[in-house]
There are 2 protein chains.
Amino acid sequence: MKNVFFISDRTGITTEGLGNALLSQFESVDFQKEVIPFVDTIYKADQAIVRINNRYNKDSIKPIVLTSIINPTIRNKFKLPHVFHIDFFESFVPSLEAEIGISSSLTLGKSHGIIDEDKYYKRIEAIDFSLYNDDGMTVKDFDQADVILIGVSRVGKTPTCLYLAINYGIKAANYPLVENDLKQDKLPKALIAYHSKLFGLTIDVDRLHHIRTNRLPNSEYSSITTCTKEINTAEHLMRTYDIPYLNTSKKSIEEISVGIMHSINLTKKF
Amino acid sequence: MKNVFFISDRTGITTEGLGNALLSQFESVDFQKEVIPFVDTIYKADQAIVRINNRYNKDSIKPIVLTSIINPTIRNKFKLPHVFHIDFFESFVPSLEAEIGISSSLTLGKSHGIIDEDKYYKRIEAIDFSLYNDDGMTVKDFDQADVILIGVSRVGKTPTCLYLAINYGIKAANYPLVENDLKQDKLPKALIAYHSKLFGLTIDVDRLHHIRTNRLPNSEYSSITTCTKEINTAEHLMRTYDIPYLNTSKKSIEEISVGIMHSINLTKKF
């Protein structure tokens, strides 16, 4: 067992992200992780050190402390003999300074703060858009969409749309392919005008059966027969109409979102 | 001007996050950024290098290439004489190996992939919950909420609930304090039973006026008078009922979300 602290002068989101990616390379180790955000004063650093020391005094295991703290005086507080410490800024800023040829500004809050009004509105607008254009509730704003996701129920459309909106300011609508659409074996009328914006999501039968069973056990909706039929018809539709698509079965929301963006060249809007 | 490439064998989200945090320390430099995800084969590395070289051949400026690639053969492809290259794994894995005392597994896909069924369902359930419990549409499931955000219209409740659900699997409901609630100067009846789950969001008058004007210009809704009255009454309510709250004016969705979690000790559910 190893205690790990992710400590940041901001939200800690990036620190935790890189930290988790690094630690995931040591699968056999049981890491007890704790995130301490907003450590931007000596006082808060001292408070964090109390937490670290309490843990160390309890189990005598040298803790791993991964920090992203811009102010050297604050981050140096974590250089303690009983601590394994890495700071992500300290590790890279000097070599970047040398390469770029100017000194860093040592300022806080540039990466996750509101910097730009225009960017703020783009983000909020995209979130509102994804909420109003979820699940085929309306198609009247589809002309404003950056992408329209199609697929059977529970393939992952809604979480993906929300993720794209929140993290990339992308206006993502979604339209579910329901029984009636699938029966026709034709692209639903409402979508024809937006063919170039369509992106399909598909899924393995077993996985869909599993997800739907978790929602509505022992229903026709969740049966292997229904899942198979819906998926086959939906994929046939996507191939017939030359709509790019990806399989969500083994993918996280992050992977699906970035996969779509990469596939059709969408980029962050803010 | 400097060209920057964020290259990852997975989504690139963390690579871009840390990269942006580092580059934000050099405010005066105009960085032209490009993210290339899913570079997990030699072939894809070669394709990425073509993009890098094209840019270099055009402007003769040495590009900065920040990578997170676990496979050494693939990441070493980016060690080129005309490139400034840093790999985040390479920089830290060796010292972590020494500290932890075991070799890393050099395996892909541990940080943003679906690992665990239970975690997947927790996340999806939280997203569904936040959608069904948005904007006071219903209060019947408030007993299942991890947190219930209250505040005036356009203070940031919905984006925060969605962010908490998607990124932390936290079941966050929200309840808008509308004119009728505020007139009473009492906690809305529907919320009394859930007092311990309430968290308030507030905002500066100018900022709210600005946001509401962007939505409904020249309306009573967006007027300074209405904004002032609503904010004052809402804050008075939060103080009277001892509800923790924070001001969202200068904060990003990430900062608001982590601020709430930190303040009331909520942790990631998956």
Side-chain angles (χ1 to χ4, degrees), chain A residues 2 10-14 17-18 20-29 35 37-38 62 64 68 70 84 86 88-89 91-93 95-96 99-100 102 104-107 110-114 121 123-124 127 131 134 158-159 162-163 166-167 210 214 250-255 257-259 262, chain B residues 2 10-14 17-18 20-29 37-38 62 64 68 70 84 86 88-89 91-93 95-96 99-100 102 104-107 110-114 117 121 123-124 127 131 134 158-159 162-163 166-167 214 250-255 257-259 262 267:
Chain A
K2 275 275 182 194
R10 302 301 286 171
T11 61
I13 293 170
T14 304
L18 180 58
N20 277 327
L22 292 169
L23 299 179
S24 70
Q25 296 306 303
F26 302 89
E27 285 173 80
S28 60
V29 183
V35 187
F38 307 123
K62 191 173 177 180
I64 296 174
S68 295
I70 292 171
F84 176 76
I86 285 174
F88 295 144
F89 279 103
S91 305
F92 300 119
V93 167
S95 63
L96 278 168
E99 177 61 26
I100 296 171
I102 58 169
S104 68
S105 57
L106 292 178
T107 45
K110 293 291 152 48
S111 61
H112 276 138
I114 295 177
Y121 286 115
R123 193 173 194 188
I124 297 297
I127 295 170
L131 289 172
D134 185 36
T158 299
L162 293 172
Y163 192 90
I166 292 181
N167 293 287
H210 198 284
N214 189 272
K250 289 187 183 68
K251 292 191 173 69
S252 65
I253 300 170
E254 286 83 355
E255 289 170 321
S257 303
V258 175
H262 188 56
Chain B
K2 274 277 181 193
R10 303 300 286 171
T11 61
I13 293 170
T14 304
L18 180 59
N20 277 327
L22 292 169
L23 299 179
S24 71
Q25 295 306 303
F26 301 89
E27 286 173 79
S28 60
V29 184
F38 307 124
K62 192 173 179 180
I64 296 174
S68 295
I70 292 170
F84 176 76
I86 285 174
F88 295 145
F89 279 103
S91 305
F92 300 119
V93 167
S95 63
L96 279 167
E99 176 61 26
I100 296 170
I102 58 170
S104 68
S105 57
L106 292 180
T107 45
K110 294 290 151 50
S111 60
H112 278 137
I114 295 176
E117 284 291 303
Y121 286 115
R123 193 173 193 188
I124 297 296
I127 295 171
L131 289 172
D134 185 34
T158 299
L162 293 172
Y163 193 90
I166 292 181
N167 293 288
N214 189 271
K250 289 187 184 64
K251 292 191 173 69
S252 65
I253 301 170
E254 286 83 356
E255 289 171 320
S257 303
V258 174
H262 188 54
T267 52

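Numbers restart at 1 for each chain; the letters A, B, ... are given by sequence-line order, proteins then strands.
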Original post:
Quick one: does A/E255's side chain have a donor or acceptor within less than 3.5 Å of a partner on A/S252's backbone?
Top reply: yes
**OP:** Using modelled atom types only, decide if a donor and an acceptor are shared between the side chain of A/K62 and the backbone of A/K2 within a distance under 3.5 Å.
**Re:**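 Such a contact is absent between A/K62 side chain and A/K2 backbone.
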Original post:
Would you call A/S95 and B/I86 a side-chain contact if the rule is heavy atoms closer than 4.5 Å?
Top reply: yes
Is [X] in contact with chain A via its backbone, its side chain, both, or neither, using a 4.5 Å heavy-atom distance?
| X | result |
| --- | --- |
| B/I102 | both |
| B/I127 | side chain |
| B/S28 | side chain |
| B/I166 | side chain |
| B/F88 | both |

**OP:** List for me each residue that meets ring-ring contact (aromatic ring centres under 6.0 Å, His included) alongside A/F89, sequence neighbours excluded, and say none if there are none.
**Re:** none
**OP:** Can you sort out the partners of A/F26 under ring-ring contact (aromatic ring centres under 6.0 Å, His included), two or more places apart, ordered by chain and number?
**Re:** none
Original post:
Which class fits the ring pair A/F92 and B/F92: parallel under 30°, tilted 30 to 60°, perpendicular over 60°?
Top reply: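 Perpendicular, since the angle between the ring planes exceeds 60°.
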Subject >> Contact winner vs chain B - A/V93, A/I124, A/L96, heavy-atom pairs under 4.5 Å >> reply: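 Of A/V93, A/I124, A/L96, A/L96 has the most heavy-atom pairs under 4.5 Å with chain B.
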Original post:
Any idea which of B/T158, B/L131, B/N167 has the most non-hydrogen atom pairs under 4.5 angstrom with chain A?
Top reply: B/L131
